[in-house]
Undergrad: 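Have a look at the structure that comes next, please.
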Amino acid sequence: MDRLIYTAASGARALMQRQDALTNNLANANTTGFRADQAVFRAVPVRGDGVPTRVAAVEATAGFDDASGALETTGRPLDVAIQGKGWLAVQAPDGTEAYTRSGSLQVSPDGQLVTASGLPLQGEGGPLTVPPGAAVSITRDGTVSAQPATGPAQTVGKLKLVNPQASELRKGEDGLLRMATGEDAAADDQVRLTPGALEGSNVNVVESMVGMIAASRQYETQMKLLQNAEQNDQRAAQLLAPAR
């Protein structure tokens, strides 16, 4: 009897996690450079006395879809999109190096080049700072130049562009990617940018909606199995009860 309960309960929990991932994807369907979450599960035998034949569904990895999103031309000098594979290196709030495809860049009040969420862009020699009031331009290889109101343009530095394998990256709850080993990825001179453009989210809204409907129906099935298990238990108790 309890084998059915293990199977149905763990299946329902897995489907709730899948719903969470799909909901997060839909919420970020319009987020620049967002990579869709993927939920993967595997069957794991339950360990313990008396439960060697029970199996539970456990989340295997919190992966992401590495496909590129559509490019939108904006013409804004501080907008950049990665061509093909690659990532922009940023400094995460915890001080670690992280990676993003969100290329809507800004200049902070203290002159730092930051993402739209305020994370400092990493140059090959550290965070990049531009002179106050200068017009910033970024070339395809990530070189950042600043044109002051008077005088010649200055090269501020070069954005750190990396291109590790998707299998080497892990997506955090903050939406940023980090190396699974905890180390910093090496700069890759082959990564190229498209200035004046932004990459959209790679979430397929239709597929996500269909997935949510399917997960909802599968969840209802798991709940019915739990109800059946309860009814079977009650009937068994009635049949085995001593006659009065």
Side-chain angles (χ1 to χ4, degrees), residues 31-36 61-74 76-108 110-131 134-147 152-202:
T31 301
T32 302
F34 181 79
R35 289 291 184 267
T61 57
F64 62 95
D65 183 357
D66 191 37
S68 298
L71 293 188
E72 177 186 1
T73 300
T74 65
R76 182 172 172 270
L78 286 176
D79 286 344
V80 292
I82 301 282
Q83 293 181 4
K85 302 294 183 182
W87 303 86
L88 293 164
V90 298
Q91 186 178 52
D94 61 1
T96 61
E97 183 173 287
Y99 310 104
T100 180
R101 300 272 294 197
S102 179
S104 179
L105 309 185
Q106 317 281 340
V107 177
S108 68
D110 59 358
Q112 272 197 335
L113 198 60
V114 298
T115 64
S117 57
L119 301 177
L121 269 294
Q122 289 288 77
E124 294 187 342
L128 300 176
T129 303
V130 300
V136 180
S137 62
I138 303 172
T139 61
R140 294 179 66 246
D141 66 353
T143 300
V144 180
S145 299
Q147 175 66 64
Q154 307 171 13
T155 299
V156 174
K158 188 175 181 182
L159 295 173
K160 182 178 180 182
L161 305 174
V162 303
N163 188 22
Q165 296 293 321
S167 58
E168 298 177 304
L169 295 170
R170 294 291 181 272
K171 188 175 182 181
E173 294 182 355
D174 54 6
L176 298 172
L177 282 295
R178 293 176 176 81
M179 294 290 288
T181 59
E183 300 176 348
D184 295 343
D188 188 336
D189 293 336
Q190 302 303 313
V191 179
R192 289 291 180 267
L193 302 174
T194 299
L198 290 176
E199 179 187 6
S201 170
N202 70 347

Undergrad: Could you grab the distance from atom CG of L121 to atom CD1 of I138, nearest 0.5 Å is fine?
TA: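 Rounded to the nearest 0.5 Å, the CG-CD1 separation comes out at 7.5 Å.
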
Undergrad: Any side-chain to backbone donor/acceptor pair from E199 onto G69? Under 3.5 Å, distance only.
TA: yes

Undergrad: In chain order, what residues pass the salt bridge (Lys or Arg N to Asp or Glu O under 4.0 Å) check against D189, with sequence neighbours excluded?
TA: K158

Undergrad: Let's go through L113 and V107 carefully: what are the C-alpha distance in whole Å and the side-chain angles of both, what is the deciding distance for side chain to side chain contact (heavy atoms under 4.5 Å, CB included) to 0.1 Å, and is it a yes or a no?
TA: CA-CA 5 Å; L113 198 60; V107 177; 4.1 Å; yes

Undergrad: Work out which heavy atom in S68 is nearest to a heavy atom in R101; give both atom names and the distance.
TA: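 That closest heavy-atom pairing would be OG-NH2, 3.7 Å.
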
Undergrad: Would you compute the distance between atom CG of L159 and atom CG of L193 and round it to the nearest 0.5 angstrom?
TA: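 Rounded to the nearest 0.5 Å, the CG-CG separation comes out at 6.5 Å.
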
Undergrad: Looking only at heavy atoms, which two atoms of S104 and Q106 are closest? And how far apart?
TA: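 So the minimum-distance heavy-atom pair works out to OG-NE2, 3.9 Å.
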
Undergrad: Using every non-hydrogen atom in the two residues, find where P131 and V156 come nearest and quote the distance to one decimal.
TA: CD-CG2, 4.5 Å

Undergrad: In Å, rounded to the nearest 0.5 Å, how long is the span from CG of L88 to CG of L105?
TA: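 CG of L105 is found 6.5 Å from CG of L88.
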
Undergrad: Among Q122, E124, E97, which residue satisfies the side-chain hydrogen bond (donor to acceptor under 3.5 Å, both in side chains) criterion with K160?
TA: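 It is E97, the one option of Q122, E124, E97 that forms the side-chain hydrogen bond (donor to acceptor under 3.5 Å, both in side chains) with K160.
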
Undergrad: D184: which residues meet the salt bridge (Lys or Arg N to Asp or Glu O under 4.0 Å) condition with it, sequence neighbours left out?
TA: none

Undergrad: Treating N202 as the side-chain partner and A67 as the backbone partner, does any N or O pair qualify as donor plus acceptor under 3.5 Å?
TA: yes

Undergrad: Identify the heavy atoms of P164 and L169 that sit nearest to each other, and give their distance.
TA: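 For P164 and L169, the tightest heavy-atom pair comes out as CG-CD2, 3.8 Å.
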
Undergrad: If you measure from CD on Q83 to OG1 on T194, what distance do you get to the nearest 0.5 Å?
TA: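 If we round to the nearest 0.5 Å, Q83:CD and T194:OG1 are 3.5 Å apart.
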
Undergrad: Nearest 0.5 Å, please: how far is OG1 in T129 from CG in D110?
TA: 7.0 Å

Undergrad: Using the side chain to side chain contact (heavy atoms under 4.5 Å, CB included) rule, take V136 and V144 through it: C-alpha gap first, then chi angles, then the decisive distance, then the call.
TA: CA-CA 7 Å; V136 180; V144 180; 3.7 Å; yes

Undergrad: Distance from L78 atom CG to T115 atom OG1, nearest 0.5 Å?
TA: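 That separation rounds to 12.0 Å.
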
Undergrad: For the residue pair T74 and A197, what are the closest heavy atoms and their distance?
TA: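 Scanning both residues, the minimum pair turns out to be OG1-N, 3.9 Å.
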
Undergrad: If every non-hydrogen atom of R178 is compared with every non-hydrogen atom of A98, which pair is closest and at what distance?
TA: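 The answer is CG-CB, 4.0 Å.
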
